[in-house]
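Below is one structure, written out as structure tokens; the observations come after it.
A, B, ... follow the sequence lines: proteins, then strands. Residue 1 opens every chain. Computed from heavy atoms alone, side chains included, the values below leave out hydrogens, waters and symmetry copies.
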Number of protein chains: 2
Amino acid sequence: MDGSTRMPQTADEIAAHLTEAVHEHRVLPGMKLSEDEVGEIYGVGRTVVRQALRHLAHDGLLRIERNRGAFVAKPTVKEAREVFEARALLEPSIARAAAERATPAGIATLESHIREEHVALAAGEPGRALKLSGHFHVEIARIADQATIEGFIRQLVSRSSLVIALYWRRRNAMCESHAHHALVDALRRHDGQAAEDLMKGHLLDLLSQLDLRDHSAELLSLREALAR
Amino acid sequence: MDGSTRMPQTADEIAAHLTEAVHEHRVLPGMKLSEDEVGEIYGVGRTVVRQALRHLAHDGLLRIERNRGAFVAKPTVKEAREVFEARALLEPSIARAAAERATPAGIATLESHIREEHVALAAGEPGRALKLSGHFHVEIARIADQATIEGFIRQLVSRSSLVIALYWRRRNAMCESHAHHALVDALRRHDGQAAEDLMKGHLLDLLSQLDLRDHSAELLSLREALAR
DNA sequence: CTGGGCAAGATTGTATGCAATCTACTGCCT
DNA sequence: AGGCAGTAGATTGCATACAATCTTGCCCAG
């Protein structure tokens, strides 16, 4: 702990802090976030905590059940597919726009993100690397100068963290840093078509790493098994 | 007023009610929503009102200024363009998907929406017609069975109401019901390509009805004029 | 011994009181 | 007369107390 870093105080700061924790897989789907508990951690009253929790719920990261509390969302297989279909719809076009408008400063930011991601991986912090990897996608929307869509992508990246926590196949390290490198190259060349294609392929890659088989059939058979 | 209809009580209900009022242009950009005032209207405490207001702020309908209050947002020209660029990215694809999955029930819902829109126009309620017209677009996303993207489109339609309130050129009635009719026809024929093209054209039509000239240059010249 | 009902504890939902901040008005000074 | 400062009013920010609801464990009846 670093005593010099101030704890988040406002509702938005706490919401951002909790979101980071979810992105880093330090807070996992299904976990309960009690108002009193969270309030004690940050040293604020329940009013502020409730604002933050409702904020996250609105982003789809939490599910608030009346008189029961706030729980980290557990996206169903259908929701997981929807998230990646939405990303497939938005991000390739945004990557193209980003390639057309990319500035040296923006590209430098992306490169620093990739560097930090490598550092985190080397330091044995896969959660941090995952968070940075997600932020890479948001940063591309920012470079495209599309604030509205950037907000949507931020939400989708957040939910992707939950999806990855639930449905990721292998536990080994990320294999995708190569894709991010290639994207930065395309942006640097202002090659919109290449950026669009690379992003599309990258998202399909991610999707193929997920185990999104429909478990509803198994649940039904479970019901049968228990009925015997 | 109908005494049998219960006033909204919960934060979500109040948020939905306020959203409708914005959609119908009964609450206009720049208007202030005081906590006490809103609370008195619905007969609830400020706590619930604050939740509702923050909800709308998160959707981009309100702008909450610290210690000043909540004001209906006034999208800039840039934000207005972004909203329609996002819609152009999402809705044509969603219309295609909707055409492929459309059921008789869904189509009946859309037709009833169009009918209600005509009734509202005939009854001299252009605000209500506008609201229904927006809901038509959300309904298509619902037919496409894409809950995540439906949420995004709901947000975009909301913001479009603000954009229309600020930048719509003519005051005369909507001219677009024909486009909605054609879209329903395409959906009924399960003609995805036609639905996609019609939606794209419809959105371009809407955009062309807006006066999104950049006023920043005029502001600069005003500054010059005042400096003399 | 098992199953249902009941009561106690815990947690969230809401209202309200107090503190902090902003706005606007008034009065003084130049 | 005009401008600025100070103050009073109003509005939001936050914490907390109380009410409603849910969960859980216990006890009693069958």
Side-chain angles (χ1 to χ4, degrees), chain A residues 5-19 21-22 26-74 162 223 226-228, chain B residues 5-19 21-22 27-74 162 226-228:
Chain A
T5 59
R6 206 174 96 282
M7 271 306 246
Q9 292 290 325
T10 74
D12 287 336
E13 285 170 352
I14 292 173
H17 199 254
L18 289 175
T19 301
V22 173
R26 295 180 51 231
V27 172
L28 293 173
M31 193 175 291
K32 173 165 185 179
L33 297 179
S34 156
E35 294 181 357
D36 278 325
E37 198 177 353
V38 176
E40 199 172 350
I41 289 171
Y42 293 105
V44 296
R46 282 172 49 224
T47 305
V48 176
V49 173
R50 286 177 69 78
Q51 280 181 29
L53 293 183
R54 286 187 74 95
H55 186 133
L56 294 207
H58 199 271
D59 283 347
L61 259 76
L62 299 184
R63 188 164 297 271
I64 292 179
E65 299 177 27
R66 186 181 174 92
N67 287 320
R68 295 222 343 116
F71 302 85
V72 180
K74 300 203 284 187
L162 299 179
R223 180 181 295 268
L226 295 176
R228 288 183 189 175
Chain B
T5 60
R6 204 174 99 283
M7 270 309 244
Q9 293 291 326
T10 74
D12 287 335
E13 283 170 354
I14 291 172
H17 199 254
L18 290 174
T19 300
V22 173
V27 172
L28 292 173
M31 193 175 290
K32 173 164 184 178
L33 297 180
S34 156
E35 295 181 357
D36 277 326
E37 199 178 351
V38 176
E40 199 172 350
I41 289 171
Y42 293 105
V44 296
R46 283 170 49 227
T47 305
V48 176
V49 173
R50 287 176 68 78
Q51 282 180 26
L53 293 183
R54 287 189 74 95
H55 186 133
L56 294 207
H58 199 268
D59 283 347
L61 259 73
L62 299 183
R63 187 164 298 270
I64 292 179
E65 298 178 28
R66 186 181 174 91
N67 288 321
R68 294 224 340 118
F71 302 86
V72 180
K74 299 203 283 188
L162 299 178
L226 295 175
R228 288 186 189 172

Practice task
Grab the CD1-C1' distance between Ile64(B) and dT21(C) for me, whole Å please.
Solution key: 16 Å
Exercise for the section: Rounded off to whole Å, could you give me the CD-to-P distance for the Glu35(B) and dT14(C) pair? Expected result: 15 Å
Problem - Heavy-atom check, side chain of Glu65(B) versus side chain of Phe71(B), under 4.5 Å - result: yes
Handout entry: Contacts of Glu40(A) that satisfy side-chain contact (heavy atoms from CB on, under 4.5 Å) - sequence neighbours left out
Key = none
Practice task
Round to the nearest Å and state the distance from Arg50(B) atom CZ to dG13(C) atom P.
Solution key: 17 Å
Practice task
Indicate whether OP1 or OP2 belonging to dA15(C) is found under 4.0 Å from a side-chain N or O atom of Arg46(B).
Solution key: no
Handout entry: Residues which pass side chain to side chain donor-acceptor pair (under 3.5 Å) with Arg50(A), listed by chain and number, not counting sequence neighbours
Key = Glu35(A)
Exercise for the section: Would you list the pairs meeting ring pair (Phe, Tyr, Trp, His ring centres under 6.0 Å) in which at least one residue belongs to residues 29-55 of chain A, sequence neighbours left out? Expected result: His17(A)-Tyr42(A), His55(A)-His58(B)
Fill in the blank from the handout: When rounded to whole Å, the CD to P distance for the pair Glu65(A) and dT23(D) reads 9 Å
Fill in the blank from the handout: Atom CD of Glu37(A) and atom P of dA10(C) are separated, to the nearest Å, by 15 Å
Practice task
Under 4.0 Å from any atom of DNA chain C, heavy atoms only: list the residues of residues 38-45 of chain B that qualify, in numerical order.
Solution key: Val44(B), Gly45(B)
Exercise for the section: Name every residue in residues 51-59 of chain A that has at least one heavy atom under 4.0 Å from any atom of DNA chain D, in order of residue number, or write none if there are no such residues. Expected result: none
Handout entry: Validation row: Leu33(A), Leu53(A) side chains within 4.5 angstrom (heavy atoms)
Key = yes
Exercise for the section: Could you tell me whether the side chain of Lys32(A) and the main chain of Arg68(A) form a donor-acceptor pair under 3.5 Å? Expected result: yes
Practice task
Using a 4.5 Å cut-off on heavy atoms from C-beta on, say whether the side chain of Leu162(A) contacts that of Lys74(A).
Solution key: no
Completion exercise
The nucleotide from dA15(C), dT12(C), dT11(D) with an atom nearest the side chain of Lys32(A) is dT12(C)
Problem - Residues Asp59(A), Arg54(A): salt bridge by 4.0 Å N-O rule - result: no
Practice task
May I ask you to test the Leu61(B)-Val72(B) pair for a side-chain heavy-atom distance under 4.5 Å?
Solution key: no
Completion exercise
Ordered by number, residues from residues 66-74 of chain B within less than 4.0 Å of DNA chain C (heavy atoms) are Asn67(B), Arg68(B)
Practice task
Check whether any side-chain heavy atom of Glu37(B) lies under 4.5 Å from a side-chain heavy atom of Val49(B), and answer yes or no.
Solution key: no
Problem - Under 3.5 Å donor-acceptor, Glu13(B) side chain and Thr10(B) backbone - result: yes
Exercise for the section: Rounded to the nearest angstrom, tell me the gap between atom CG in Leu33(B) and atom P in dT12(D). Expected result: 10 Å
Problem - Value in whole Å for how far the C1' atom of dG13(C) lies from CD of Glu13(B) - result: 14 Å
